[in-house]
Amino acid sequence: MSDAHVPLIISTDAKRAQRIPPRQALTRKWPVLHAGTVPDFDRARWTFHIFGLVEYPWQVGYEEFFALPRVQVRADMHCVTRWSKLENLWEGVSTRDVMNKVKLLPAATFVMVHCDHGFTTNLPLADFLGDDCLFAWKHDGKDLEPDHGFPLRLVVPLLYAWKSAKWVRGIELMAEDRPGFWEAWENGGYHMRGDPWKEERFRDQ
């Protein structure tokens, strides 16, 4: 159930007549998939920072970040491992509101999402700043489970779910694209963008 006091955004994919992308299967469960172990969370030591091609870097602690204005997003989720979970209700802070805390330099066109345990994923800045993109800490009205990214998960509904990185700690602004963890050849060579409707699962050899 949505909170009437928090703005609600409906993702464009959730408005499609056909909501399951090619070669995906509907699931009502929520599979847990990630590399490595779930990181420990220390509220007092947790920080979030934005750096790279910005006029001045920005860093805050847990209380300040989680006091930012909230938004809710109703969206579908599509995993590259071929499952799709529909009608997710996320709550957190929009990526646009977070990025308003810094001034981007003109050359900034890509982001690298940095997470606990050194995990990363890359995104075009335009995708990262989509209307339905947010840093979420709630799912369907409850705090995210640690397995699903608590305390903070990026959600980019229009791309495959590996781009919705778990345990986010920072954003790097870049002039050129570079592969993150799963996009690197040694970890599978996943696609640099990852549009499920175009089946952008893997990088070209």
Side-chain angles (χ1 to χ4, degrees), residues 9 11 30 32-54 57-73 75 77 79-80 88-102 104 108 110-139 142-174 177-184 187 190 192-194:
I9 296 167
S11 177
W30 193 4
V32 173
L33 298 166
H34 54 252
T37 58
V38 175
D40 294 329
F41 169 54
D42 184 339
R43 181 186 297 252
R45 297 173 65 88
W46 188 94
T47 57
F48 180 96
H49 61 297
I50 303 175
F51 62 103
L53 294 179
V54 295
W58 182 70
Q59 179 169 310
V60 291
Y62 179 91
E63 301 299 338
E64 185 174 350
F65 189 94
F66 284 76
L68 292 171
R70 291 180 295 155
V71 66
Q72 294 184 105
V73 173
M77 173 176 267
C79 183
V80 73
N88 302 276
L89 181 64
W90 303 96
E91 185 173 318
V93 56
S94 77
T95 56
R96 291 182 179 183
D97 281 347
V98 173
M99 294 306 293
N100 283 338
K101 298 297 182 180
V102 297
L104 302 183
F110 293 92
V111 301
M112 184 69 76
V113 184
H114 291 265
C115 309
D116 279 319
H117 291 341
F119 178 81
T120 56
T121 194
N122 59 304
L123 290 150
L125 180 61
D127 287 324
F128 175 76
L129 294 177
D131 291 342
D132 55 0
C133 296
L134 76 161
F135 293 102
W137 53 81
K138 285 190 175 184
H139 178 267
K142 299 179 181 179
D143 286 347
L144 280 171
E145 293 291 332
D147 275 349
H148 288 300
F150 186 84
L152 194 67
R153 177 175 189 154
L154 175 65
V155 179
V156 183
L158 300 189
L159 301 181
Y160 279 123
W162 90 82
K163 295 293 186 178
S164 295
K166 302 177 183 180
W167 315 305
V168 179
R169 299 295 298 276
I171 302 297
E172 177 185 359
L173 279 298
M174 310 182 298
D177 203 6
R178 71 175 195 263
F181 179 85
W182 290 114
E183 297 83 9
N187 296 317
Y190 281 36
M192 294 291 277
R193 182 160 182 261

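All values derive from a computational prediction rather than experimental measurement.
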Which atom names give the shortest non-hydrogen contact between V168 and F48, and what distance separates them?
CG1-CE1, 3.9 Å
Looking only at atom types and distance, does a side-chain atom of R153 sit under 3.5 Å from a main-chain N or O of S164, one as donor and one as acceptor?
yes
Which of M192, E183, M112 passes side-chain contact (heavy atoms from CB on, under 4.5 Å) with D177? Answer is M192
Is a side-chain donor or acceptor of E64 paired with a backbone partner of G61 at a separation under 3.5 angstrom?
no
Picking from K163, R193, R178, what satisfies side chain to side chain donor-acceptor pair (under 3.5 Å) with N122?
K163
Does atom CG of D42 have more than 12 heavy-atom neighbours from other groups under 6.0 Å away?
yes
Any side-chain heavy-atom pair from R169 and H114 closer than 4.5 angstrom?
no
If you define the side chain from C-beta out and look only at heavy atoms, does anything of V60 sit under 4.5 Å from Y62?
no
Could you go step by step and tell me if L154 and L123 meet the side chain to side chain contact (heavy atoms under 4.5 Å, CB included) rule?
CA-CA 11 Å; L154 175 65; L123 290 150; 3.7 Å; yes
Would a line drawn from the ring center of F51 to the ring center of H49 be shorter than 6.0 Å?
yes
Could you check whether any side-chain N or O of N88 sits under 3.5 Å from a backbone N or O of A75, counting only pairs where one atom can act as donor and the other as acceptor?
yes
With a 4.5 Å cut-off on side-chain heavy atoms, are L104 and M99 touching?
yes
Checking side chain to side chain contact (heavy atoms under 4.5 Å, CB included) for the pair L89/Q72: CA distance, chi angles, key distance, verdict?
CA-CA 7 Å; L89 181 64; Q72 294 184 105; 3.6 Å; yes
With a 4.5 Å heavy-atom cut-off, do W90 and V155 have their side chains touching?
yes
Applying side chain to side chain contact (heavy atoms under 4.5 Å, CB included) to L68 and K101, what does each step give before you reach the verdict?
CA-CA 11 Å; L68 292 171; K101 298 297 182 180; 3.6 Å; yes
For the atom pair CG (L53) and CD (E172), what is the distance rounded to the nearest 0.5 Å?
8.0 Å
Specify the closest pair of heavy atoms between F150 and W137, including all atoms of both residues, with the distance to one decimal.
CD1-O, 4.3 Å
Below 30° counts as parallel, above 60° as perpendicular, anything between as tilted: where do the rings of F128 and F135 land?
perpendicular
Rounded to the nearest 0.5 Å, what's the gap from CG on L158 to CG on D132? Could you check?
4.5 Å
Could you state the interatomic distance from CZ (F66) to CZ (R43), rounded to the nearest 0.5 Å?
8.0 Å
Spacing of L125 atom CG and F110 atom CZ [to the nearest 0.5 Å]
9.0 Å
To the nearest 0.5 Å, tell me how far L134 CG sits from S11 OG.
10.5 Å
Ignoring hydrogens and geometry, is there a side-chain-to-backbone donor-acceptor pair from W167 to H148 under 3.5 Å?
no
Please tell me if the side chains of R70 and V93 come closer than 4.5 Å, counting only heavy atoms from C-beta onward.
no
Give a yes or no answer on whether the side chain of T121 reaches the backbone of A165 with a donor-acceptor pair at less than 3.5 Å.
no
Output for pair (Y190 OH, W182 CH2), nearest 0.5 Å, gives 6.0 Å
Parallel, tilted or perpendicular: which one describes the rings of F65 and W58, with boundaries at 30° and 60°?
tilted
Please indicate whether Q59 has more than 12 foreign heavy atoms, meaning atoms of other residues, nucleotides or ligands, lying under 6.0 Å from its CD.
yes
From CA spacing to verdict: side chain to side chain contact (heavy atoms under 4.5 Å, CB included), I171, T95
CA-CA 10 Å; I171 302 297; T95 56; over 6 Å; no
Can you find a heavy atom in the side chain of D127 that is under 4.5 Å from one in the side chain of V111?
no
